[in-house]
Undergrad: 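Mind looking over this structure? Questions follow.
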Amino acid sequence: MRDHLYLFLFMIEFSTGCILSNELQIIEITGYTGGSVVLPCSCAHPQSTAKTFTWQFFGNGERWIPVFEDEKYSGRRVLFNQSSPQNLSLLISGLRMEDEGYYKCVTEQYTSIQSIHLTVKGCNLVQNTEATIEVTGYAGGSVVLPCSCSELLTKPEQIRWVYFVENTFKEIYPNEKTERHKNRVKLLNQTSPGNLSLHISALTAEDEGYYYCSVSSQKVSYRLQTVSYRLRVEVTLGTEKPHIHTSISLSTHQPSHQTQELEPPQQPHHTPQCVFILLGVILSVLLLALLAFTYWRCRGGRNVKKVTRDEEELNREQDVMDDVTYSAVVHVKTAATPAHIERDLAEHTEYAPIKFKR
């Protein structure tokens, strides 16, 4: 009797078809733009299968629209019932902001309904969109212009990097429309959808100017977010800097998008090497002249001192000569003949010096 009762209940459940496991409940699910999401729906009994079922979307506030009849889901929807008949879940890839809304899984002429509310988070830029960010790089190196979504799992529906030059905006990512940036720009991190930072390599002075990172959403209408950057490139002769961005600062200056003229890059002043060589030669000549003059003065002083000493010695000898008086001493021999006295006096006269003090 009991076996018959179980068989009767099974036949009743099987005849009613698939009863959904979360019937009459609203499930909250969150997804990110550019990503994928699975909307769960399955039969409560593992042996039951749904003869017919459908997914419907109620997003515009007007009516329920079959998902498989809406062209906006074309190429982005996948069902799992082919591999598992009890699994009626729906996979939606490449999420957009317009995918946000209410979905319901319906079986056998509305005999069972499961409702899901899908929230889609878009990209909100972290940087201050009202200020211009100053970034400095070095010629020959590379630089990163930072731009990212607040949710790194979020991939914006549209991302563009543009460069303002010659009073026009030229796209450099994803389409490189300027020759000067060709093959030198790329997004910094391809593995993180929310990292939109731009990497520029082989910097030159011509890369100076204004750059703009913009993202947009197609929910209801385009919602554009933009961050502006002022890139300055410092040029050092004979020196190349490695990959680095040295300084990032915020400026409240907003350039005019119509008539903005970029200032030409200022080249640092460098003194030619020949000037230093010329200064060295002049200093060497002046030093040699100073040494020669000093030597000449010293030698002339010695000669003057020698002449002075000679003059002093001559003066002293003259004084000595002046102080000497000669006196004649006559030796007289009394026994000599008088006739010979006068002649002999001259012969026997001697002179003796006499010194006296003045």
Side-chain angles (χ1 to χ4, degrees), residues 16-46 48-125 149-160 174-175 190 192-194 196 214-225:
T16 56
C18 175
I19 303 299
L20 300 179
S21 57
N22 293 311
E23 188 179 12
L24 303 178
Q25 294 182 9
I26 298 178
I27 302 175
E28 294 287 343
I29 294 180
T30 300
Y32 300 93
T33 55
S36 302
V37 69
V38 175
L39 307 182
C41 182
S42 61
C43 299
H45 197 281
S48 62
T49 58
K51 295 179 181 179
T52 60
F53 74 97
T54 184
W55 276 95
Q56 297 181 0
F57 171 67
F58 189 84
N60 54 12
E62 296 179 359
R63 61 188 179 88
W64 288 95
I65 302 174
V67 171
F68 286 89
E69 296 179 7
D70 194 341
E71 289 297 325
K72 74 175 184 179
Y73 295 102
S74 179
R76 301 192 298 124
R77 57 199 175 207
V78 176
L79 289 173
F80 295 91
N81 67 323
Q82 293 182 356
S83 58
S84 178
Q86 297 81 23
N87 189 353
L88 312 179
S89 300
L90 174 66
L91 170 66
I92 302 177
S93 59
L95 282 176
R96 307 169 183 171
M97 293 296 297
E98 58 182 348
D99 295 334
E100 186 176 271
Y102 286 91
Y103 294 79
K104 67 180 179 180
C105 178
V106 183
T107 65
E108 274 80 43
Q109 300 298 322
Y110 296 92
T111 56
S112 183
I113 300 175
Q114 179 175 310
S115 299
I116 297 174
H117 179 237
L118 173 63
T119 301
V120 179
K121 291 186 177 181
C123 176
N124 294 315
L125 296 179
C149 304
S150 56
E151 294 281 352
L152 291 180
L153 295 177
T154 302
K155 181 180 180 180
E157 297 176 24
Q158 291 187 358
I159 166 68
R160 291 180 69 216
N175 300 314
Q190 299 287 351
S192 180
L196 313 176
S214 61
V215 298
S216 60
S217 170
Q218 292 181 341
K219 185 178 181 181
V220 182
S221 60
Y222 280 93
R223 182 169 61 92
L224 185 65
Q225 300 180 67

Undergrad: Taking only residues two or more places apart in sequence or in another chain, which ones pass side-chain hydrogen bond (donor to acceptor under 3.5 Å, both in side chains) with R76?
TA: D99

Undergrad: C41 versus L90: any side-chain heavy-atom pair under 4.5 Å?
TA: no

Undergrad: If you compare all heavy atoms of F57 against all heavy atoms of E98, which two are closest, and at what distance to 0.1 Å?
TA: CZ-O, 3.9 Å

Undergrad: Can you tell me how far apart CG (L153) and SG (C123) are? Round to the nearest 0.5 Å.
TA: 11.5 Å

Undergrad: How far apart are the C-alpha atoms of H45 and I19, what are their side-chain angles, what is the distance that settles it, and do they pass the side chain to side chain contact (heavy atoms under 4.5 Å, CB included) test?
TA: CA-CA 7 Å; H45 197 281; I19 303 299; over 6 Å; no

Undergrad: Tell me every residue that passes side-chain contact (heavy atoms from CB on, under 4.5 Å) with V78, counting only those two or more places apart in sequence or in another chain.
TA: L91

Undergrad: What is the minimum heavy-atom distance between E157 and S216, and which atoms define it?
TA: CB-O, 3.7 Å

Undergrad: When rounded to the nearest 0.5 angstrom, what distance separates NZ in K121 from CE in M97?
TA: 11.0 Å

Undergrad: Side chain to side chain contact (heavy atoms under 4.5 Å, CB included) for F53 and L79? Distances and angles first, verdict last.
TA: CA-CA 11 Å; F53 74 97; L79 289 173; 3.9 Å; yes

Undergrad: Look up atom CD in Q114 and atom CG in L39, then write down how far apart they are to the nearest 0.5 Å.
TA: 9.5 Å

Undergrad: What's the separation between atom OH in Y103 and atom CD1 in I65, rounded to the nearest 0.5 Å?
TA: 10.0 Å

Undergrad: At their closest point, which heavy atom of L88 faces which heavy atom of C18, and how far apart are they?
TA: CD1-SG, 4.4 Å

Undergrad: Which atom pair, heavy atoms only, marks the closest approach of E28 to T119?
TA: OE1-OG1, 4.4 Å

Undergrad: With rounding to the nearest 0.5 Å, note down the distance linking CD in Q225 to SG in C149.
TA: 8.0 Å

Undergrad: Under 4.5 Å between any side-chain heavy atoms of I92 and W55, yes or no?
TA: no

Undergrad: If every non-hydrogen atom of A50 is compared with every non-hydrogen atom of C43, which pair is closest and at what distance?
TA: N-SG, 4.3 Å

Undergrad: Between atom CZ of R77 and atom NZ of K72, what is the distance when rounded to the nearest 0.5 Å?
TA: 11.0 Å

Undergrad: Could you tell me if the side chain of I116 sits less than 4.5 Å from the side chain of P40, heavy atoms only?
TA: yes

Undergrad: Contact between L125 and L196 at the side-chain level, heavy atoms closer than 4.5 Å - yes or no?
TA: yes

Undergrad: Between R96 and V120, is any pair of side-chain heavy atoms under 4.5 Å apart?
TA: no

Undergrad: Out of the candidates L224, T33, I159, only one should pair with V215 under the side-chain contact (heavy atoms from CB on, under 4.5 Å) rule; please name it.
TA: I159

Undergrad: For residues L95 and Y32, report the shortest heavy-atom separation together with the two atoms involved.
TA: CB-O, 3.5 Å

